[in-house]
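Only one structure is covered here, and it is reproduced in the block below.
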Amino acid sequence: MFDNFVDEMKWRGFFEQCTDEEGLRKLLAEEKVTGYIGFDPTADSLHVGSLLPIMGLVHLQKYGHRPVGIVGGATAMVGDPSGKSELRQMLTLEKIEENLDGIRQQLSHHIDFGEDAGLMLNNADWLKDYGYIEFLRDVGRFFSVNQMLSRDSVKSRMVKGLSFIEFNYMILQAYDFMVLNRDHGCRLQMGGNDQWGNICSGIDLCRRFNQSRVFGLTFPLLTTATGAKMGKTADGAVWLDPARTSPYDFYQYWVNVDDRDVSRFLRLYTLLGRQEIEELEKMQGADIREAKKALAREVTSQVHGQEEADKAVQAAAALFSDSADTSSVPSSQRPAADFEGDGLSLLEALVDSGLMKSKGEARRMIRQNAVRVEGELISEEMFSITSDLIADGKVALQVGKRRHHHIRIS
RNA sequence: GGGGGGGUUCCCGAGUGGUCAAAGGGAACAGACUGUAAAUCUGUCGGCAAUAGCCUACGGAGGUUCAAAUCCUCCCCCCCCCA
């Protein structure tokens with residue numbers, strides 16, 4: 001398959017820009033390289049957007065190098081202007097601490113942080129108590145405002161406005177790189193292409209501070225074939241935390257990707273080998289669904305584990321194929337008594353199953369012929385689910401083609 | 001500090017006293033068509049209520065008015081120019 005990191009990254013489509021490809025190749029061939037990526041603790045979970053950098057670290061580790069995940073406990077208090085159009089909300093210290101824990105845990109699903117294998121660090125450790133004056137004297141003197149102003153990340157914000165605190169972000173990130181280089185021998189920083197400017201600043205700082213030659217590699221900023229941001233659905237982001245996005249929904253997200261995205265995503269988000277992926281890429285027409293299933297199964301398994309992935313596959317088979325095993329379909333419990341007499345209002349059932357956000361929405365959906373109970377199209381808004389509809393100890397609700405929920409009778 | 005321009009529903013953006021739950025676009029959801037895909041066409045798109053209607057919403061707090069997103073006062077935030 002591949003015998004080095006760079007070739008594989010290129011083939012997989014991770015390679016957007018590199019500060020010195022030849023130099024990096026040489027370095028990676030000669031020694032165990034420590035490379036890092038920063039993650040912002042803006043929430044207590046990462047989402048699909050962060051999966052790309054995570055995979056970057058995974059591949060790095062696969063080739064025997066040492067990945068470092070940095071959570072930006074300190075920088076989160078500042079807010080990165082790169083690629084954002086507006087001032088980011090600032091977070092409280094406690095919130096950031098909370099978020100850090102969540103992210104740390106998630107990263108450890110993918111990366112081995114044991115012994116000398118990998119590292120997980122919080123930049124608050126070296127930034128939080130740094131005094132303003134000292135920092136200016138030690139670090140600030142290496143930065144040229146002229147150069148900072150010429151960075152795209154700053155330029156693009158000149159119209160909307162950029163606060164001074166955000167303007168400092170690149171200095172802090174550069175400083176992170178310098179510290180990692182000095183204290184942990186880190187020679188490589190990776191990140192989304194919007195980080196290019198920040199990474200370059202860090203490289204400069206490492207040279208000036210540590211007389212050390214370091215490298216930067218950026219990944220493409222992904223959008224889906226329809227131009228949407230990666231990992232967005234009706235309900236917002238697709239999270240890695242199963243409490244926020246269930247493994248079932250997570251699996252569904254990948255099964256439903258656009259045909260045109262399948263190949264790219266297989267390469268970027270799965271660890272499947274080249275041969276296997278190239279086989280899947282040959283699929284045409286409706287068969288592409290098989291490739292999507294492979295994609296969904298792989299990614300779900302990486303993020304939520306084999307067992308959850310199997311359940312998601314099983315649920316999908318029950319709902320969309322012929323399998324009779326419905327045990328893994330998303331469901332909730334209801335006592336049998338709810339269905340006696342007049343039965344349970346369908347509107348209510350739709351709302352508290354989570355299929356609909358409000359009764360008004362539920363009404364509209366019924367009017368639009370989108371709702372089915374046990375496979376039967378319902379056109380009566382005031383429909384009640386009565387006990388005679390219970391089959392196999394459950395009632396199957398369906399909205400549209402792909403949203404399903406079973407009410408189990410307890 | 002002075003002058004000017006702004007803050008509208010998920011996003012962009014119209015709206016300057018009633019006809020505004022608010023044009024238009026995007027996103028999203030649903031229907032038809034399909035392959036749990038795309039494209040296309042159609043519909044929906046604040047909450048509660050069977051209808052009537054009621055409530056919440058146009059940066060915040062007050063006020064004028066029968067009636068305010070629209071007028072007045074104070075406050076907060078953003079952008080631009082000058083100092």
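Numbers restart at 1 for each chain; the letters A, B, ... are given by sequence-line order, proteins then strands. Values in this document were obtained by computation on a predicted structure and should not be read as measured data.
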Is there a donor N/O on one and an acceptor N/O on the other, under 3.5 Å, for the side chain of [X] and the base of [N]?
| X | N | result |
| --- | --- | --- |
| A/Asp287 | B/rG35 | no |
| A/Gln368 | B/rG43 | yes |
| A/Lys401 | B/rU34 | yes |

Using a cut-off of 4.0 Å on non-hydrogen atoms, how would the nucleic acid contact of [X] be classed: base, sugar-phosphate, or nothing?
| X | answer |
| --- | --- |
| A/Arg403 | sugar-phosphate |
| A/Lys359 | sugar-phosphate |
| A/Asp259 | base |
| A/Gln252 | base |

G-U wobble or Watson-Crick pairing nucleotide for [N] (cut-off 3.5 Å, both distances):
| N | result |
| --- | --- |
| B/rG43 | B/rC29 |
| B/rA69 | none |
| B/rA37 | none |
| B/rU64 | none |
| B/rA23 | none |
| B/rG1 | B/rC82 |

What is the separation between atom [atom1] on [X] and atom [atom2] on [N], rounded to the nearest whole Å?
| X | N | atom1 | atom2 | answer |
| --- | --- | --- | --- | --- |
| A/Phe320 | B/rA37 | CZ | C1' | 13 Å |
| A/Glu361 | B/rG31 | CD | P | 13 Å |
| A/Tyr251 | B/rU36 | OH | P | 13 Å |
| A/Leu280 | B/rA37 | CG | P | 19 Å |
| A/Leu377 | B/rA32 | CG | C1' | 13 Å |
| A/Met365 | B/rA30 | CE | C1' | 5 Å |
| A/His404 | B/rC29 | NE2 | P | 15 Å |
| A/Tyr253 | B/rA37 | OH | C1' | 14 Å |

Mapping A/Arg372 and A/Arg367 to their closest nucleotides on RNA chain B, which lands nearer the 5' end?
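Nearest nucleotide further toward 5': that of A/Arg372.
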
RNA chain B: A/Met356 or A/Ala317, which has the more 5' nearest nucleotide?
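The residue mapped nearer the 5' terminus is A/Met356.
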
[N] versus [M] - spacing of their [atom1] atoms, nearest Å:
| N | M | atom1 | result |
| --- | --- | --- | --- |
| B/rA30 | B/rA37 | P | 10 Å |
| B/rG13 | B/rG18 | P | 24 Å |
| B/rA57 | B/rG4 | P | 32 Å |
| B/rC75 | B/rG25 | C1' | 34 Å |
| B/rU42 | B/rC55 | P | 37 Å |
| B/rG31 | B/rG15 | C1' | 32 Å |
| B/rC54 | B/rA68 | P | 14 Å |
| B/rC12 | B/rA27 | P | 15 Å |

For the side chain of A/Val399, starting at C-beta, report the closest nucleotide among B/rU36, B/rA30, B/rA37.
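Given the options B/rU36, B/rA30, B/rA37, the side chain of A/Val399 is closest to B/rA30.
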
Proximal nucleotide (of B/rG31, B/rC29, B/rA49) relative to the A/Ala370 side chain
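Selected nucleotide: B/rG31.
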
Please determine whether a side-chain nitrogen or oxygen atom of [X] lies at a distance below 4.0 Å from atom OP1 or OP2 of [N].
| X | N | answer |
| --- | --- | --- |
| A/Ser358 | B/rC48 | yes |
| A/Arg402 | B/rA37 | yes |
| A/Arg289 | B/rU36 | yes |
| A/Arg363 | B/rU44 | no |

If the threshold is 4.0 Å, N to carboxylate O, is there a salt bridge linking [X] and [Y]?
| X | Y | result |
| --- | --- | --- |
| A/Glu134 | A/Arg137 | no |
| A/Asp204 | A/Arg207 | yes |
| A/Arg25 | A/Asp7 | yes |

Does one side chain, of [X] or [Y], offer a donor that lies under 3.5 Å from an acceptor on the other?
| X | Y | value |
| --- | --- | --- |
| A/Ser45 | A/Gln106 | yes |
| A/Arg408 | A/Ser331 | yes |
| A/Gln189 | A/Gln195 | no |
| A/Asp310 | A/Gln306 | yes |

Run the ring-centre check on A/His184 versus A/Tyr36 and record whether the distance is less than 6.0 Å.
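No, the ring centres sit 6.0 Å or more apart.
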
